[in-house]
Amino acid sequence: MLNAYEQGLKARSGASDLEHLVLTFDNNRLATQLFGQFDEHLAMIEQQLGIDAVARGNMIDIRGSAEAVRRARLALEHLYARLEAGEKIEKGDVDGAIRMALAEDQLPLPTLEKGGRLAMAQIGTRKKAIQARTPTQDAYIRAMDRCQLVFGVGPAGTGKTYLAVAYAAALLERGAVDRIILSRPAVEAGERLGFLPGDMKEKVDPYLRPLYDALYDMIPGEKVERAITSGVIEIAPLAFMRGRTLSNAAVILDEAQNTTSMQMKMFLTRLGENSRMIVTGDPSQIDLPPGQKSGLVEALSILDVVEGVSRIEFTASDVVRHKLVEAIVNAYDEAGRKASEGRRRD
């Protein structure tokens with residue numbers, strides 16, 4: 001178990017709010033994993049929280065503002081608890097813990113437990129456990145637990161599809177649903193691919209590849225293949241959903257911004273007994289023909305007041321890919337804002 005104690009509550013270095021904290025960890029091996037190779041995890045915490053952190057054996061000496069030191073302690077305690085539970089931590093997990101610690105004053109219970117411990121929402125599958133890395137991801141996972149229909153909308157790289165597939169895999173593993181149905185509209189992203197050879201599966205697989213990738217990350221490959229062959233996992237273009245009632249299933253519609261109004265209505269009305277439906281998309285990346293209204297944009301407006309429907313909106317700050325992706329999303333958003341302002345002035 002982690003022990004923590006403070007040495008010299010106020011450092012006498014000219015800054016009245018400067019604080020000095022020493023954390024001691026019982027397990028030297030886990031402490032080494034916590035700090036990272038060549039203390040790379042500590043370097044991330046130092047840089048993002050603006051503290052000084054020095055590791056000495058199984059101890060870490062932290063100096064900085066009282067607020068920054070408290071957030072560093074939250075992040076480190078959370079990561080060490082994960083290591084104690086037998087989980088591995090990577091740079092992305094460290095970044096996630098830092099993000100959540102930075103937002104701790106905005107987090108509701110049970111994300112911030114009594115006693116000040118972070119307890120991010122988690123999805124557990126047989127292959128891996130996935131924890132929320134941003135407050136919005138935390139809200140998204142909790143919404144999937146709470147609601148039968150969840151919309152996850154926002155830019156690329158925020159984990160919308162990945163978390164939805166992980167949640168569906170977890171439901172299937174614990175027997176809460178009998179099958180998983182993954183779907184996407186087969187719309188080309190601004191390109192004309194022409195005739196695609198092969199049978200129907202070979203024609204639509206390129207459009208559905210991201211869903212396969214997420215599945216293989218949650219479930220061992222041979223089990224995915226068996227489940228697809230047996231129909232327990234079905235991956236199909238949206239057009240194949242017409243006329244069906246999807247009961248006892250986890251149903252995901254990805255890239256929903258490329259649905260038409262009729263397609264979206266058709267899909268949403270497939271929801272059957274004991275099913276969960278998750279709709280993901282990015283309204284800023286619509287590939288429909290000019291003048292064609294997006295079914296996702298329309299549904300978000302129409303269903304805004306319907307009870308039992310949850311809408312989670314991701315922003316550029318939720319991007320969990322390379323840091324440059326967040327900067328790219330922000331740059332495009334700013335360019336779009338300026339263009340919109342210019343049109344209004346005209």
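Residues: numbered from 1 along the sequence shown.
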Contact summary for Met241 and Ala236, nearest pair of heavy atoms: CE-CB, 4.1 Å
Minimum side-chain heavy-atom gap Ile141-Gln122 below 4.5 Å: no
Intermediate values then yes/no, side-chain contact (heavy atoms from CB on, under 4.5 Å), Thr161 and Leu211: CA-CA 8 Å; Thr161 301; Leu211 300 177; 3.6 Å; yes
salt_bridge(Lys91, Asp95) N-O dist < 4.0 Å: no
Distance-only donor-acceptor check, side chains Asp93 and His41, under 3.5 Å: no
Reference residue Ile181; test side chain to side chain contact (heavy atoms under 4.5 Å, CB included); the match among Ile233, Leu246, Leu253, Ile235: Leu246
Heavy-atom pair of closest approach, residues Ala72 and Ile51: CB-CD1, 3.7 Å
Distance in Å, Glu87 CD paired with Ile130 CD1, rounded so as to fall on 0.5 Å steps: 10.5 Å
Arg73 bridged to Glu77 by N-O distance under 4.0 Å: yes
Where at least one partner belongs to residues 152-175, residue pairs that pass ring pair (Phe, Tyr, Trp, His ring centres under 6.0 Å), sequence neighbours excluded: none
Carboxylate-amine/guanidinium proximity below 4.0 Å for Arg311 and Glu313: yes
Residues Thr245 and Ser247: side-chain donor-acceptor under 3.5 angstrom: no
Closest non-hydrogen atom pair, Ala97 against His78: CB-CD2, 4.2 Å
Presence of salt bridge, Glu234 and Arg244, under 4.0 angstrom: yes
